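Keep in mind that what you see is a predicted model, and the values were worked out from it rather than measured. Sequence lines set the chain letters: A, B, ... in the order given, protein chains first and strands last, and positions in each chain run from 1.
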There are 2 protein chains.
Amino acid sequence: MSYDTADIAARLQAARKARGLSQRELSDLAGVPQAQISRIEAGTVDLRLSSLVALAHALDLEPTLVPRKALPAVRSLSRDAVSASRKDIVAAQKEIQRISETMRGLQIKAPNLEGLQQLQKSFSELQRFRVPTLDLKGLKQLRQALELINRPTQDMAALSQSIKLMQSVRNKAAHGPVRDADDIPSRPAYSLDDEDDDA
Amino acid sequence: MSYDTADIAARLQAARKARGLSQRELSDLAGVPQAQISRIEAGTVDLRLSSLVALAHALDLEPTLVPRKALPAVRSLSRDAVSASRKDIVAAQKEIQRISETMRGLQIKAPNLEGLQQLQKSFSELQRFRVPTLDLKGLKQLRQALELINRPTQDMAALSQSIKLMQSVRNKAAHGPVRDADDIPSRPAYSLDDEDDDA
DNA sequence: CTTCATGATGCAGTTTAATGTATCGCTCCT
DNA sequence: AGGAGCGATACATTAAACTGCATCATGAAG
């Protein structure tokens with residue numbers, strides 16, 4: 001593999017990870033099989049431009065040709081500010097996913113639960129933030145507290161605790177360092193409060 | 001063909017033409033068959049990344065992935081300032097080629113010709129300029145005058161005329177609009193005052 | 001009119017990316 | 001221990017890029 005092809009493969013992988021996408025998720029978005037993505041990122045194939053474009057678009061990137069002498073400038077323009085580790089971003093997304101599911105479950109099983117409305121309001125506010133700005137530890141605590149409510153015990157203490165945690169995470173996100181992550185969209189590519197199939 | 005693939009193909013062609021390269025010349029440089037280059041520029045093939053890289057490198061370009069939101073900035077960085085028409089650049093290169101050959105002929109057939117040294121000095125200065133900055137009309141006149149000297153008639157008037165023209169072209173290039181042609185090298189990719197095979 | 005270079009196109013044959021499916025080993029979590 | 005999701009890999013098959021070579025039409029130059 002030549003320098004550039006390897007470089008491009010690496011950039012694809014970096015962009016994917018920066019968004020916390022798995023190869024399978026990206027596969028769905030780009031319409032390229034997971035197996036093929038694996039090969040591409042490994043640099044074991046000489047991929048076609050159409051594949052590159054498909055993947056790039058799914059990652060909100062654009063393949064372009066730039067003059068060698070303009071390269072440094074372009075590079076500095078397209079730095080992906082990664083601040084938070086990919087692992088943490090992925091983990092945070094998972095937490096949000098589960099929180100979202102739990103919230104839906106609550107809404108169904110106990111729609112009249114006192115405080116549920118406030119919880120939902122906080123959550124929808126929370127979801128307006130970009131994932132990398134969210135505090136992973138806080139999300140974890142929040143998720144655990146929420147799942148406590150969703151059990152037969154109906155722990156009311158857990159509910160007020162959840163409200164507190166939810167607002168705490170939201171506030172942290174609002175006041176935290178600004179981390180202007182260039183090319184990371186405010187929401188992951190797939191919807192969180194997604195379709196239905198159970199309602 | 002998707003938008004980007006077409007765009008990339010177009011950029012390749014633009015870059016090639018901006019350098020006044022024929023498909024065959026580029027073919028030699030990049031190691032990609034002329035037929036294939038034609039197909040690629042026409043956008044009738046889904047080229048492989050290796051091909052793209054080969055062509056791009058031959059044109060002093062680099063394929064990169066840039067974030068969508070950084071695109072406008074990158075685009076403005078990599079504008080190929082084309083001011084002079086491709087046709088004229090090609091034509092100018094040909095004129096220079098022929099001038100170079102004529103100069104070599106003179107050097108061999110009449111090394112002691114008065115003024116030849118000055119002519120050569122002017123020419124070597126002239127060659128320091130980028131082709132697109134050179135005045136095509138002046139080059140044509142210069143070439144014709146030079147070829148007059150190189151005939152049996154040994155037209156001395158043509159010689160002083162040549163010196164004048166040579167300096168005129170040189171001066172125009174020196175004072176003309178700056179045309180900072182991003183990605184156009186100061187010399188065409190193939191050498192003009194080339195190897196030897198006659199010396 | 002002839003010559004020459006250019007870009008486009010055709011064709012046979014080879015190479016290889018792409019795909020679908022399935023599996024494997026790994027790590028993390030319960 | 002078991003399950004879930006991850007990335008890597010294997011296989012057979014299909015589709016298509018690539019190659020080398022030959023040709024053709026066009027347009028410019030002598």
Side-chain angles (χ1 to χ4, degrees), chain A residues 1 5 8-10 12-14 16-17 19-28 30-55 85-95 97-98 101-102 136 139-140 143-144 147-148 150-151 188 190, chain B residues 1 5 8-10 12-14 16-17 19-28 30-55 85-95 97-98 101 136 139-140 143-144 147 151 190:
Chain A
M1 281 300 125
T5 62
I8 284 184
L12 280 178
Q13 188 178 51
R16 174 178 65 81
K17 287 185 173 171
R19 281 144 221 272
L21 292 175
S22 72
Q23 289 182 348
R24 276 173 239 269
E25 287 165 336
L26 177 56
S27 168
D28 290 341
V32 176
Q34 176 267 327
Q36 187 63 7
I37 294 179
S38 172
R39 284 184 270 260
I40 288 171
E41 288 185 355
T44 63
V45 291
D46 184 7
L47 79 169
R48 303 214 174 130
L49 186 50
S50 59
S51 302
L52 176 60
V53 168
L55 292 174
S85 90
R86 301 81 165 67
K87 276 225 143 173
D88 286 352
I89 297 180
V90 178
Q93 285 186 338
K94 278 188 187 161
E95 296 298 342
Q97 177 74 43
R98 292 178 60 174
E101 283 160 4
T102 306
L136 180 55
L139 283 176
K140 265 187 181 150
R143 192 246 313 161
Q144 288 169 348
E147 287 175 350
L148 267 183
N150 208 13
R151 275 178 223 298
Y190 54 90
Chain B
M1 280 298 125
T5 62
I8 284 185
L12 280 178
Q13 188 179 55
R16 175 178 66 80
K17 287 185 173 172
R19 279 143 222 272
L21 292 176
S22 71
Q23 289 182 348
R24 275 171 239 272
E25 286 166 336
L26 178 57
S27 169
D28 290 341
V32 175
Q34 176 267 327
Q36 189 63 8
I37 294 179
S38 171
R39 284 183 266 260
I40 288 171
E41 289 185 354
T44 64
V45 290
D46 184 5
L47 80 169
R48 302 209 176 137
L49 185 52
S50 60
S51 302
L52 176 60
V53 168
L55 292 173
S85 88
R86 302 79 165 69
K87 276 224 140 175
D88 286 352
I89 297 179
V90 178
Q93 286 186 339
K94 280 188 186 161
E95 295 297 342
Q97 177 74 43
R98 293 178 60 174
E101 284 160 3
L136 179 55
L139 283 176
K140 264 185 180 152
R143 193 248 309 161
Q144 288 170 347
E147 288 175 348
R151 278 179 218 299
Y190 52 88

Taking only the side-chain nitrogens and oxygens of S51(B), find out if one of them lies under 4.0 Å from OP1 or OP2 of dC18(D).
-> yes
Can you tell me the distance, in whole Å, between the CD atom of E41(B) and the P atom of dT6(C)?
-> 13 Å
side-chain hydrogen bond (donor to acceptor under 3.5 Å, both in side chains) partners for Q23(B), two or more places apart = Q34(B), E41(B)
Atom NZ of K17(B) and atom C1' of dT6(C): how far apart are they, to the nearest Å?
-> 11 Å
What's the closest nucleotide to the S38(B) side chain, out of dA17(C), dT9(C), dT6(C)?
-> dT9(C)
Assess whether side-chain contact (heavy atoms from CB on, under 4.5 Å) is satisfied between V45(B) and Q36(B), documenting all intermediate values.
-> CA-CA 9 Å; V45(B) 290; Q36(B) 189 63 8; 4.1 Å; yes
Out of curiosity, I40(B) CD1 to T5(B) OG1, how far, rounded to the nearest 0.5 Å?
-> 11.5 Å
Nearest of dC6(D), dA18(C), dG7(C) to any side-chain atom of S22(A)?
-> dC6(D)
Polar atoms only, N or O, under 3.5 Å: list the protein pairs with nucleotides 21-26 of chain D and their distances.
none

Would you mind telling me which of dT19(C), dC18(D), dG7(D) lies closest to the side-chain atoms of V32(A)?
-> dT19(C)
Out of dG30(D), dC6(D), dA18(C), which has the shortest distance to the side chain of V45(A)?
-> dA18(C)
Would you kindly give the CG-to-P distance between D46(B) and dA17(C), to the nearest whole Å?
-> 13 Å
Rounded to whole Å, CG of L47(A) lies from C1' of dT19(C) at a distance of 15 Å
Would you say R39(B)'s side chain and T44(B)'s backbone share a donor-acceptor pair under 3.5 angstrom?
-> no
Distance-only, no hydrogens or angles: does the E25(A) side chain make a donor-acceptor pair with backbone N or O of S22(A) under 3.5 Å?
-> yes
Take atom CD of Q36(A) and atom C1' of dA16(D), then tell me their distance rounded to the nearest Å.
-> 14 Å
Which of the following nucleotides, dA18(C), dC6(D), dT19(D), is nearest to the side chain of E25(A)?
-> dC6(D)
Atom CD1 of I40(A) to atom P of dG7(D): distance rounded to whole Å?
-> 14 Å
Could you tell me whether the phosphate oxygens of dG7(D), OP1 or OP2, come under 4.0 Å of any side-chain nitrogen or oxygen in R16(A)?
-> yes
Within this structure, what is the CG-to-C1' distance between L12(A) and dG7(D), rounded to whole angstrom?
-> 16 Å
Is there a side-chain contact (heavy atoms from CB on, under 4.5 Å) between R16(A) and L55(A) once you walk through the steps?
-> CA-CA 9 Å; R16(A) 174 178 65 81; L55(A) 292 174; over 6 Å; no
In whole angstrom, what separates Q23(A)'s CD from dC26(C)'s P?
-> 17 Å
side-chain contact (heavy atoms from CB on, under 4.5 Å) test vs L26(A) passes for just one of V32(A), I37(A), L12(A), namely I37(A)
